[in-house]
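Each remark here refers to the structure printed beneath this line.
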Amino acid sequence: GDKAFAQFLTDEIQEEKKIQKHKSLPKVSGGWELEVHGTEAKLVRKIAGEKITVTFNINNSIPPSAEEDAQEQQQKPDEQEPELTSTPNFVVEVIKDDTKQTLVLDCHFPEDEIGHEGEEESDIFTIREVSFQPTGEADWKDTNYTLNTDSLDWALYDHLMDFLADRGVDNTFADELIELSTALEHQEYIKFLEDLKSFVKCQ
(Lines give C-alpha, C1' and ligand atoms only; values in the text may rest on other atoms or scores of the structure.)
Protein backbone atom coordinates (compact mmCIF):
# COMPACT_ATOMS: atom_id res chain seq x y z
CA GLY A 1 0.00 0.00 0.00
CA ASP A 2 2.79 2.43 0.89
CA LYS A 3 4.51 1.81 -2.46
CA ALA A 4 1.36 2.71 -4.37
CA PHE A 5 0.90 5.75 -2.12
CA ALA A 6 4.47 6.93 -2.79
CA GLN A 7 4.01 6.43 -6.54
CA PHE A 8 0.76 8.40 -6.45
CA LEU A 9 2.53 11.23 -4.57
CA THR A 10 5.39 11.27 -7.10
CA ASP A 11 2.89 11.73 -9.96
CA GLU A 12 0.92 14.30 -7.99
CA ILE A 13 4.07 16.36 -7.26
CA GLN A 14 4.99 16.35 -10.98
CA GLU A 15 1.48 17.49 -11.91
CA GLU A 16 1.48 20.26 -9.31
CA LYS A 17 4.91 21.48 -10.43
CA LYS A 18 3.64 21.59 -14.01
CA ILE A 19 0.78 23.92 -13.10
CA GLN A 20 2.84 25.99 -10.66
CA LYS A 21 2.63 29.57 -11.94
CA HIS A 22 5.48 31.08 -9.93
CA LYS A 23 8.82 29.42 -9.37
CA SER A 24 9.64 32.17 -6.89
CA LEU A 25 7.13 34.20 -4.89
CA PRO A 26 5.65 37.20 -6.74
CA LYS A 27 6.60 40.63 -5.43
CA VAL A 28 4.09 43.09 -4.02
CA SER A 29 4.55 46.53 -5.60
CA GLY A 30 4.93 49.68 -3.52
CA GLY A 31 8.09 48.91 -1.60
CA TRP A 32 6.78 46.13 0.64
CA GLU A 33 9.37 43.80 2.11
CA LEU A 34 8.35 40.18 2.55
CA GLU A 35 9.23 37.86 5.44
CA VAL A 36 7.95 34.29 5.37
CA HIS A 37 7.92 31.93 8.35
CA GLY A 38 6.33 28.65 7.27
CA THR A 39 2.71 29.40 6.46
CA GLU A 40 2.80 32.92 7.86
CA ALA A 41 3.84 35.86 5.74
CA LYS A 42 4.51 39.41 6.80
CA LEU A 43 4.77 42.44 4.51
CA VAL A 44 6.47 45.51 5.95
CA ARG A 45 6.58 49.02 4.58
CA LYS A 46 7.98 52.17 6.17
CA ILE A 47 6.71 55.62 5.28
CA ALA A 48 7.38 58.96 6.95
CA GLY A 49 7.13 58.38 10.68
CA GLU A 50 5.16 55.14 10.32
CA LYS A 51 5.69 51.45 9.92
CA ILE A 52 2.93 49.40 8.32
CA THR A 53 2.89 45.63 8.61
CA VAL A 54 0.46 43.25 6.98
CA THR A 55 0.41 39.69 8.31
CA PHE A 56 -1.47 36.70 6.95
CA ASN A 57 -1.42 32.92 7.25
CA ILE A 58 -2.17 30.67 4.27
CA ASN A 59 -3.65 27.88 6.39
CA ASN A 60 -7.40 27.54 5.72
CA SER A 61 -7.19 30.37 3.19
CA ILE A 62 -8.84 28.57 0.28
CA PRO A 63 -12.61 29.13 0.30
CA PRO A 64 -14.49 25.83 0.79
CA SER A 65 -16.59 26.23 -2.37
CA ALA A 66 -13.43 26.20 -4.52
CA GLU A 67 -12.30 22.94 -2.93
CA GLU A 68 -15.69 21.31 -3.54
CA ASP A 69 -15.59 22.41 -7.19
CA ALA A 70 -12.16 20.86 -7.55
CA GLN A 71 -13.37 17.55 -6.14
CA GLU A 72 -16.38 17.47 -8.44
CA GLN A 73 -14.07 18.17 -11.38
CA GLN A 74 -11.97 15.12 -10.60
CA GLN A 75 -14.68 12.83 -11.93
CA LYS A 76 -14.18 14.35 -15.39
CA PRO A 77 -10.47 13.95 -16.10
CA ASP A 78 -10.50 15.70 -19.46
CA GLU A 79 -11.75 18.99 -18.00
CA GLN A 80 -9.38 21.62 -16.68
CA GLU A 81 -9.35 21.86 -12.88
CA PRO A 82 -10.44 25.26 -11.62
CA GLU A 83 -7.63 27.33 -10.18
CA LEU A 84 -7.63 27.42 -6.42
CA THR A 85 -7.20 30.90 -5.04
CA SER A 86 -5.97 31.64 -1.57
CA THR A 87 -7.82 34.56 0.05
CA PRO A 88 -6.49 34.77 3.60
CA ASN A 89 -7.67 37.09 6.32
CA PHE A 90 -4.97 39.67 6.91
CA VAL A 91 -4.10 41.98 9.76
CA VAL A 92 -2.80 45.49 9.10
CA GLU A 93 -0.84 47.17 11.89
CA VAL A 94 0.00 50.85 11.69
CA ILE A 95 2.71 51.92 14.12
CA LYS A 96 3.51 55.60 14.49
CA ASP A 97 7.04 56.33 15.65
CA ASP A 98 6.01 58.70 18.40
CA THR A 99 3.19 56.73 20.08
CA LYS A 100 3.15 53.58 22.14
CA GLN A 101 -0.01 52.37 20.44
CA THR A 102 -0.52 50.35 17.30
CA LEU A 103 -3.71 50.66 15.27
CA VAL A 104 -4.74 47.13 14.27
CA LEU A 105 -7.19 46.53 11.43
CA ASP A 106 -8.44 43.01 10.88
CA CYS A 107 -9.36 42.59 7.19
CA HIS A 108 -10.80 39.79 5.14
CA PHE A 109 -12.01 38.93 1.66
CA PRO A 110 -15.78 38.39 1.68
CA GLU A 111 -16.52 35.14 -0.14
CA ASP A 112 -19.22 36.59 -2.37
CA GLU A 113 -17.02 39.49 -3.51
CA ILE A 114 -14.35 37.36 -5.15
CA GLY A 115 -14.59 37.18 -8.89
CA HIS A 116 -17.02 40.06 -9.43
CA GLU A 117 -14.87 41.90 -11.88
CA GLY A 118 -16.09 45.03 -13.55
CA GLU A 119 -17.59 46.56 -10.42
CA GLU A 120 -15.17 49.42 -10.16
CA GLU A 121 -16.61 50.88 -7.01
CA SER A 122 -16.55 47.89 -4.73
CA ASP A 123 -13.59 47.09 -2.53
CA ILE A 124 -12.38 43.53 -2.79
CA PHE A 125 -11.60 43.35 0.92
CA THR A 126 -13.40 44.60 4.01
CA ILE A 127 -12.30 45.72 7.46
CA ARG A 128 -13.85 43.49 10.10
CA GLU A 129 -12.43 44.84 13.34
CA VAL A 130 -10.33 47.75 14.52
CA SER A 131 -8.52 48.10 17.83
CA PHE A 132 -5.54 49.72 19.50
CA GLN A 133 -2.86 47.45 20.91
CA PRO A 134 0.27 48.31 22.90
CA THR A 135 3.21 48.53 20.47
CA GLY A 136 5.77 45.76 20.74
CA GLU A 137 3.73 43.37 22.87
CA ALA A 138 3.36 39.90 21.44
CA ASP A 139 0.03 39.14 23.06
CA TRP A 140 -2.90 41.37 22.34
CA LYS A 141 -5.20 42.14 25.19
CA ASP A 142 -8.83 41.08 25.09
CA THR A 143 -9.54 43.94 27.48
CA ASN A 144 -8.76 46.53 24.80
CA TYR A 145 -11.84 47.92 23.07
CA THR A 146 -12.40 46.31 19.68
CA LEU A 147 -14.61 48.07 17.19
CA ASN A 148 -16.65 45.69 15.07
CA THR A 149 -17.43 47.29 11.70
CA ASP A 150 -20.83 45.56 11.29
CA SER A 151 -22.60 48.39 13.07
CA LEU A 152 -20.28 51.17 11.99
CA ASP A 153 -21.20 54.54 10.55
CA TRP A 154 -20.43 54.30 6.81
CA ALA A 155 -18.60 57.62 6.74
CA LEU A 156 -16.21 56.43 9.45
CA TYR A 157 -15.74 53.12 7.62
CA ASP A 158 -14.92 54.95 4.37
CA HIS A 159 -12.35 57.08 6.18
CA LEU A 160 -10.74 53.93 7.58
CA MET A 161 -10.56 52.43 4.07
CA ASP A 162 -9.04 55.69 2.77
CA PHE A 163 -6.61 55.67 5.70
CA LEU A 164 -5.45 52.20 4.57
CA ALA A 165 -5.35 53.19 0.89
CA ASP A 166 -3.12 56.18 1.73
CA ARG A 167 -0.71 53.67 3.25
CA GLY A 168 -0.68 51.44 0.21
CA VAL A 169 -3.32 48.94 1.32
CA ASP A 170 -5.87 49.21 -1.49
CA ASN A 171 -7.49 46.97 -4.11
CA THR A 172 -4.27 46.69 -6.12
CA PHE A 173 -2.43 45.63 -2.99
CA ALA A 174 -5.20 43.16 -2.11
CA ASP A 175 -5.03 41.62 -5.61
CA GLU A 176 -1.27 41.23 -5.30
CA LEU A 177 -1.69 39.78 -1.80
CA ILE A 178 -4.05 37.11 -3.22
CA GLU A 179 -1.50 36.35 -5.94
CA LEU A 180 1.32 36.09 -3.37
CA SER A 181 -0.75 34.03 -0.96
CA THR A 182 -1.89 31.64 -3.70
CA ALA A 183 1.73 31.13 -4.85
CA LEU A 184 2.88 30.60 -1.25
CA GLU A 185 0.02 28.17 -0.58
CA HIS A 186 0.88 26.17 -3.71
CA GLN A 187 4.59 26.14 -2.81
CA GLU A 188 3.79 24.88 0.71
CA TYR A 189 1.39 22.27 -0.71
CA ILE A 190 4.08 20.87 -3.01
CA LYS A 191 6.55 20.85 -0.10
CA PHE A 192 3.94 19.02 2.01
CA LEU A 193 3.47 16.37 -0.72
CA GLU A 194 7.26 15.95 -0.91
CA ASP A 195 7.52 15.57 2.87
CA LEU A 196 4.65 13.11 2.86
CA LYS A 197 6.34 11.09 0.13
CA SER A 198 9.62 10.88 2.11
CA PHE A 199 7.62 9.97 5.23
CA VAL A 200 5.71 7.17 3.46
CA LYS A 201 8.89 5.80 1.87
CA CYS A 202 10.79 5.86 5.16
CA GLN A 203 11.12 2.28 6.45
Side-chain angles (χ1 to χ4, degrees), residues 12 15-47 51-74 79-94 103-130 149-150 157-158 160-193:
E12 195 70 6
E15 282 307 302
E16 289 298 331
K17 282 188 169 164
K18 243 188 264 173
I19 59 170
Q20 193 173 14
K21 275 209 300 213
H22 302 279
K23 291 292 168 252
S24 60
L25 294 174
K27 293 247 183 295
V28 175
S29 58
W32 293 91
E33 282 177 30
L34 175 65
E35 298 167 26
V36 179
H37 305 284
T39 59
E40 188 176 84
K42 183 189 243 183
L43 290 157
V44 182
R45 180 173 190 242
K46 290 190 171 86
I47 50 176
K51 176 179 166 188
I52 296 104
T53 67
V54 177
T55 316
F56 65 91
N57 194 317
I58 55 160
N59 280 337
N60 304 319
S61 64
I62 292 180
S65 59
E67 285 175 10
E68 282 158 26
D69 292 350
Q71 275 155 8
E72 280 164 29
Q73 292 281 330
Q74 273 156 13
E79 283 188 33
Q80 198 55 44
E81 276 192 26
E83 267 185 41
L84 294 181
T85 306
S86 161
T87 51
N89 298 343
F90 60 98
V91 175
V92 183
E93 294 170 62
V94 181
L103 182 64
V104 178
L105 301 103
D106 194 347
C107 304
H108 76 139
F109 294 100
E111 277 168 39
D112 51 352
E113 290 295 324
I114 309 293
H116 290 317
E117 260 104 69
E119 293 177 27
E120 272 309 292
E121 286 309 299
S122 84
D123 291 300
I124 59 174
F125 69 95
T126 59
I127 302 171
R128 234 188 342 208
E129 291 179 347
V130 188
T149 56
D150 289 346
Y157 182 83
D158 285 343
L160 284 169
M161 288 298 272
D162 291 344
F163 176 84
L164 283 181
D166 290 344
R167 282 152 185 80
V169 180
D170 53 13
N171 275 353
T172 307
F173 172 86
D175 273 332
E176 291 181 4
L177 185 135
I178 290 176
E179 182 98 346
L180 168 65
S181 180
T182 303
L184 182 61
E185 203 280 335
H186 200 202
Q187 182 178 295
E188 286 294 314
Y189 176 61
I190 291 172
K191 189 169 158 297
F192 171 79
L193 291 178

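Heavy atoms only: backbone and side chains are in, while hydrogens, waters and symmetry mates are out. Along the sequence shown, residues carry numbers from 1. Note that this is a predicted model, so its numbers are computed, not measured.
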Heavy-atom side-chain proximity of [X] to [Y] below 4.5 angstrom:
| X | Y | value |
| --- | --- | --- |
| T149 | T126 | no |
| F125 | L164 | yes |
| L25 | L184 | yes |
| K51 | T53 | yes |

Quick check: closest heavy atoms across [X] and [Y], and the distance to 0.1 Å?
| X | Y | result |
| --- | --- | --- |
| P63 | T85 | CD-O, 3.3 Å |
| N171 | S122 | ND2-O, 3.3 Å |
| F109 | I124 | CD2-O, 3.3 Å |
| E188 | G38 | OE2-O, 3.8 Å |
| S61 | E185 | OG-CG, 4.3 Å |

Under the rule for salt bridge (Lys or Arg N to Asp or Glu O under 4.0 Å), what residues qualify as partners of [X], not counting sequence neighbours?
| X | value |
| --- | --- |
| R128 | none |
| K191 | D195 |
| K21 | E83 |

Y157: ring pair (Phe, Tyr, Trp, His ring centres under 6.0 Å) partners, not counting sequence neighbours: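 Here the qualifying residues are W154.
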Under the ring pair (Phe, Tyr, Trp, His ring centres under 6.0 Å) test, which residues partner F56, sequence neighbours left out?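 Result, ring pair (Phe, Tyr, Trp, His ring centres under 6.0 Å) vs F56: none returned.
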Pairing residues for K17 by the side-chain contact (heavy atoms from CB on, under 4.5 Å) criterion, not counting sequence neighbours: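 Checked K17 against side-chain contact (heavy atoms from CB on, under 4.5 Å); matches are I13, Q20, I190, E194.
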Under the side-chain contact (heavy atoms from CB on, under 4.5 Å) rule, collect the residues that match up with E35, sequence neighbours excluded.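 For E35, the residues satisfying side-chain contact (heavy atoms from CB on, under 4.5 Å) (neighbours in sequence not counted) are H37, K42, V44.
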Who passes side chain to side chain donor-acceptor pair (under 3.5 Å) against [X], sequence neighbours left out?
| X | result |
| --- | --- |
| R167 | E50 |
| E15 | K18 |
| N57 | T39 |

Solution key, residues 174-181 side-chain donor-acceptor pairs under 3.5 Å, sequence neighbours excluded:
residue, atom, partner, partner atom, Å
E176, OE1, S29, N, 2.6
E176, OE1, S29, OG, 3.0
E176, OE2, S29, OG, 2.8
E179, OE2, H22, NE2, 3.1
S181, OG, S86, OG, 2.5

